Amino acid sequence: MQAFTAFLVLFSLLTRAFSVPLSTKSRWIIDDVGGQRVKLVGGNWAGHVGPMLPEGLDKRPLSEIAGHIALMGFNSVRLTYSTYMFTQYSHLTVLQSLRNLSLHDAIDGMTKYNPQLLKLTLPRAQEAVINQLASHGIMIVLDNQVSKPIWCCGDDDGNGFWGDEYFDPKDWLRSLHIVAHRYKNNPMVVAMSLRNEIRGKRQNAKDWRKYVRKGAKQIHKSNPNVLILVGGLSYALDLTPLKTKALNIKATSKLRNKIVYESHRYAFTMGQSNNYLRKPLNQFCDSVIADMENRTTFVTRGPNAAPLYISEFGVNMLGNQTYDNVFLGCFLAYLAKHDLDWNMWALQGSYYLRDEGQGVEEQYGMFTTNWTQIRNPDVHAKILSVQQMIRDPKSHAPRYLRMYHPMTGRCLSVNDNSTQIHATDCHKFSKWSYNNLVIQLNGTPYCLASSGEDSPLSLTTDCDSKRSTWKAVSSYQLADSDNLCMHYDPSYSPYVLARKCICAGSGNRSSCVENPQSQWFQRVLSNV
C-alpha cells in the first residue's frame, strides 16, 4: 500500500506537468506555449443543486479535499454550477443559502471545517474552491449544469432546452458572460461548457446549432483563453447533426481552435443496464461502442477532427451493481483504444440536499460519505490505467501495442531477465507488436506462447510454432491454435493463463451470457 501511495504522489506530479491556457489541434487538446498534448483526467464535483455550493464543505476542510483530489492523480475537476447562481442569487451568502433551505447540519459542519466560507457570497465561495484546486495544480472545467438549481436531469424538468420553463436564452447568455469574465485572469480555469445534457421534447438540431454558435461567441468574447465544450443532443449522446451541417462559427481561427466536443455514458444510458447481464457481452459491448463511434467519436476523425471529451461516466462505487461492474470493463476498453480525455462522475460522497433529503449519499461518489477516504480503491486502481497519456501527437517514437486488460485495468508485462508474463499496473508495461498472428515482445526475439489449458503463458524464441499463434475470436479475445484464450482473473490465479474461450465459439456467440471479460485483452496503440 505504501508503494501504491508513493506512486500516486509521483503520478500526480507528472500529470501536472503542463502549461495553460489550452487550445486544440486536430483531435487533441494542447497547451498554447509548446503545443504539447494535455490530457484532461479527473472527476466531477457537483455545485449546482439546491444550495448552489460545491458539495462536501461541511465534511472536511477545503484544502484537504483539494489535496486529496490531487493525490488521486487527477489534473482536472469539472465543477458544476447553476445559471441562477449568477443571475438571480449572486448576492446570497453561503450562510443565507443554507438557512433558506433549513440545512442546519450543513451549517454546523461548515462552521467546524470551513467557517471562512459562510460569509462569502455564492460566486465568491465558488471562486475560493477554484483557487484552492488551482493551488494544488488542478485545472478547472466549469459546467453549466442547469438554470434552476435542482438535481439533473429529466426530460420535463424545465432545464433541458433553450426556451424551456427555466432555460431562458437571454439569462443563459448573460450567465456565460458573467462566469467567463469573472475567471478571465485565472489561467487554471481552462474550459467552460455551454450546457449540460441538452434534452427534452423541444430539442432540435437547428436551434441547437444556433445557440451553440451564440454561446461559443459569448464565452470567447468574454474570455478568449478558455476551451468551449459543446455537448450534443439527447443527454450529450448525439453529435450526428455535425455530419450533415457544420457549426459554421464564423470567427477567428483562435475560436475554432477552442472547440471541444463532450459526451456522456453510463450503464443505464438509454435504459440499457440489464442488457449488460442478459445479452451476449462480446456482441453487446461491440454494439455500445459502435453506437458511440457513430454518434460522437466520429468527431475525432477526418479533415475537421476535433477533441472528444467524456465529461461524465461512472459506476456505483458500492460495487454491488453487477451491470455497472461489467459496463466499466467495456467502457475502459473504449477509453483506452481512443485515449480520450475524461472526467468521472463523481467526486462527492454526499449532498447537502438532494430530492428533499439532507446528507444523501452519492453511491457513484469516489469519496466516502464523510469525504475522508476513497470509497472503492479497486475502481480507482482500474482508472489509473487510462489516466496516462497513451498517444502523443508530437512524438516521433515508433508505435507499439499495450496489451490492456480492461476488467482489471492492468497491462501485460515481462520481468527483466525473465520469461514470466505478468499483469501489472499499467504504469509499468511491456511493448508488443501483433503481426501475422504472432505477439512479439518489441526489441527481442521473444514471442508470447501458450503451453496448454490452464497453464501460464510464457515467452519463446520459436515464433513460427503453433504455440505462438494467436487469432482474434472476438473484438477482445485472442485464442491459440487449440482455441484456448488468454485469460486473467486474479481471484482464480496470479498468472495469465490459456483457458477455454468464453462465449467465443461459433455455436454460442449469440446465446452465451457468461461474462468473458477475464479474457479481454485490448490491443492499444501507443507511442509514449
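Because the structure is predicted, anything quoted here is derived from the model rather than measured. Residues take their numbers from the sequence shown, with the count starting at 1.
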* Can you check side chain to side chain contact (heavy atoms under 4.5 Å, CB included) on Met188 and Val20, steps first, answer last? -> CA-CA 7 Å; Met188 293 300 284; Val20 289; 4.2 Å; yes

* side chain to side chain contact (heavy atoms under 4.5 Å, CB included) between Thr368 and Lys59, intermediate numbers included -> CA-CA 10 Å; Thr368 52; Lys59 303 292 186 182; over 6 Å; no

* Asked: How far apart are the C-alpha atoms of Cys152 and Arg199, what are their side-chain angles, what is the distance that settles it, and do they pass the side chain to side chain contact (heavy atoms under 4.5 Å, CB included) test?
  -> CA-CA 11 Å; Cys152 182; Arg199 59 195 179 275; 3.9 Å; yes

* Apply side chain to side chain donor-acceptor pair (under 3.5 Å) to Asp286 and Ser475, showing your working. => CA-CA 8 Å; Asp286 276 347; Ser475 298; 3.0 Å; yes

* To do: Check the pair Met317 / Met366 against side chain to side chain contact (heavy atoms under 4.5 Å, CB included), numbers first and verdict last.
  => CA-CA 7 Å; Met317 291 289 179; Met366 300 198 74; 3.9 Å; yes

* Are Phe284 and Tyr276 close enough, and set up right, to give a ring-ring contact (aromatic ring centres under 6.0 Å, His included), and what steps lead you there? -> CA-CA 7 Å; Phe284 183 66; Tyr276 288 93; 4.8 Å; yes

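Distance alone, capped at 3.5 Å, places no donor-acceptor pair between the Ser26 side chain and the Trp28 backbone. Side chain of Lys258 to backbone of Val226: no donor-acceptor contact under 3.5 angstrom is found. Under a 3.5 Å cut-off, the side chain of Asn44 and the backbone N or O of Ser311 do form a donor-acceptor pair. Remark: the backbone N or O of Ser526 is not paired with any side-chain donor or acceptor of Arg391 at under 3.5 angstrom. Using modelled atom types, one side-chain atom of Trp432 and one backbone atom of Ser430 make a donor-acceptor pair closer than 3.5 Å. With hydrogens and angles disregarded, a donor-acceptor distance shorter than 3.5 Å links the side chain of Gln348 to the backbone of Ala46. Between the Ser193 side chain and the Asn144 main chain, a donor and an acceptor come within less than 3.5 Å of each other. Using a distance-only test at 3.5 Å, with no hydrogens or angles considered, a donor-acceptor pair links the side chain of Gln203 to the main chain of Ser234. Proximity of a side-chain donor or acceptor of Asn370 to a complementary backbone N or O of Thr372 within less than 3.5 Å is detected. Judged by distance alone, with hydrogens and angles left aside, the side-chain atoms of Gln440 form no donor-acceptor pair with the main-chain N or O of Asn442 at under 3.5 Å.
Between His68 and Phe367, the ring center distance clears the sub-6.0 Å criterion. Less than 6.0 angstrom separates the ring centroid of Phe313 from the ring centroid of Trp342.
Scanning all heavy atoms of the two residues, the minimum distance from Ala504 to Val473 falls at CB-CG2, 3.7 Å. The heavy-atom pair separating Gly34 from Lys394 by the smallest distance is O-NZ, 3.0 Å. Of all heavy-atom pairs spanning Cys426 and Gly409, the tightest one is SG-O, 3.5 Å. Between Leu412 and Ile421, the shortest heavy-atom distance links the atoms CD2-CG2, 4.0 Å. The two residues Tyr404 and Ser385 come nearest to each other via the heavy atoms OH-OG, 3.0 Å. Considering all non-hydrogen atoms of both residues, Lys500 and Leu484 come closest at N-CD2, 3.7 Å.
For the pair Arg402 and Lys431, the minimum side-chain heavy-atom distance is 4.5 Å or more. Counting heavy atoms from C-beta on, the side chains of Asn196 and Cys153 come closer than 4.5 Å. Inter-residue side-chain proximity for Leu233 and Trp208 is flagged as met; some heavy-atom pair is nearer than 4.5 Å. Side-chain contact between Ile30 and Gln36: absent, with no pair of heavy atoms (C-beta onward) separated by less than 4.5 Å. Between Leu448 and Trp470 the shortest side-chain heavy-atom distance falls below 4.5 Å. With contacts defined as side-chain heavy-atom distances shorter than 4.5 Å, the pair Ile130/Leu142 qualifies. Looking at heavy atoms from C-beta onward, Ile310 lies out of side-chain contact with Asn343 at the 4.5 angstrom threshold. Contact of the Phe521 side chain with the Val496 side chain is registered, since non-hydrogen atoms from C-beta on lie closer than 4.5 Å.
Atom CZ of Arg301 has more than 12 neighbouring heavy atoms from other residues, nucleotides or ligands inside a 6.0 Å radius. Around the NZ atom of Lys243, the shell of radius 6.0 Å holds more than 12 heavy atoms that belong to other residues, nucleotides or ligands. Annotation for Asp454: atom CG counts as buried by contact number, over 12 foreign heavy atoms lying within 6.0 Å. Dense packing is recorded around CG of Asn320, with more than 12 heavy atoms of other residues, nucleotides or ligands lying under 6.0 Å away.
Checked against side chain to side chain donor-acceptor pair (under 3.5 Å), Thr408 has the following partners two or more places apart in sequence or in another chain: His405. Tyr266 is linked by a ring-ring contact (aromatic ring centres under 6.0 Å, His included) to Phe268, counting only residues two or more places apart in sequence or in another chain.
At a cut-off of 3.5 Å, with distance as the only test, a side-chain donor of Ser23 or Asp32 sits close to an acceptor on the other residue.
Residue pairs meeting the disulfide bond (SG atoms under 2.5 Å apart) criterion with at least one member in residues 462-493, sequence neighbours excluded, are Cys447-Cys463, Cys485-Cys501.
Under a 4.0 Å N-O distance rule, the pair Glu361/Arg354 does not qualify as a salt bridge. With respect to the salt-bridge test (charged N to carboxylate O, under 4.0 angstrom), the residues Lys39 and Asp339 qualify. Salt bridge Arg265/Asp291: present, at least one basic N to carboxylate O contact under 4.0 Å.
Atom NZ of Lys466 sits about 8.5 Å away from atom CG of Asp482, to the nearest 0.5 Å. With rounding to the nearest 0.5 angstrom, the OG1 atom of Thr296 is 7.5 Å from the CZ atom of Phe298.
Cation-pi geometry between Arg499 and Tyr492 is met: the NZ or CZ atom falls under 6.0 Å from the ring centre, inside 45° of the normal.
Ring-plane geometry between Trp151 and Tyr351 is classed as perpendicular, the angle between the planes exceeding 60 degrees on a 0 to 90 degree scale with a lower cut at 30.
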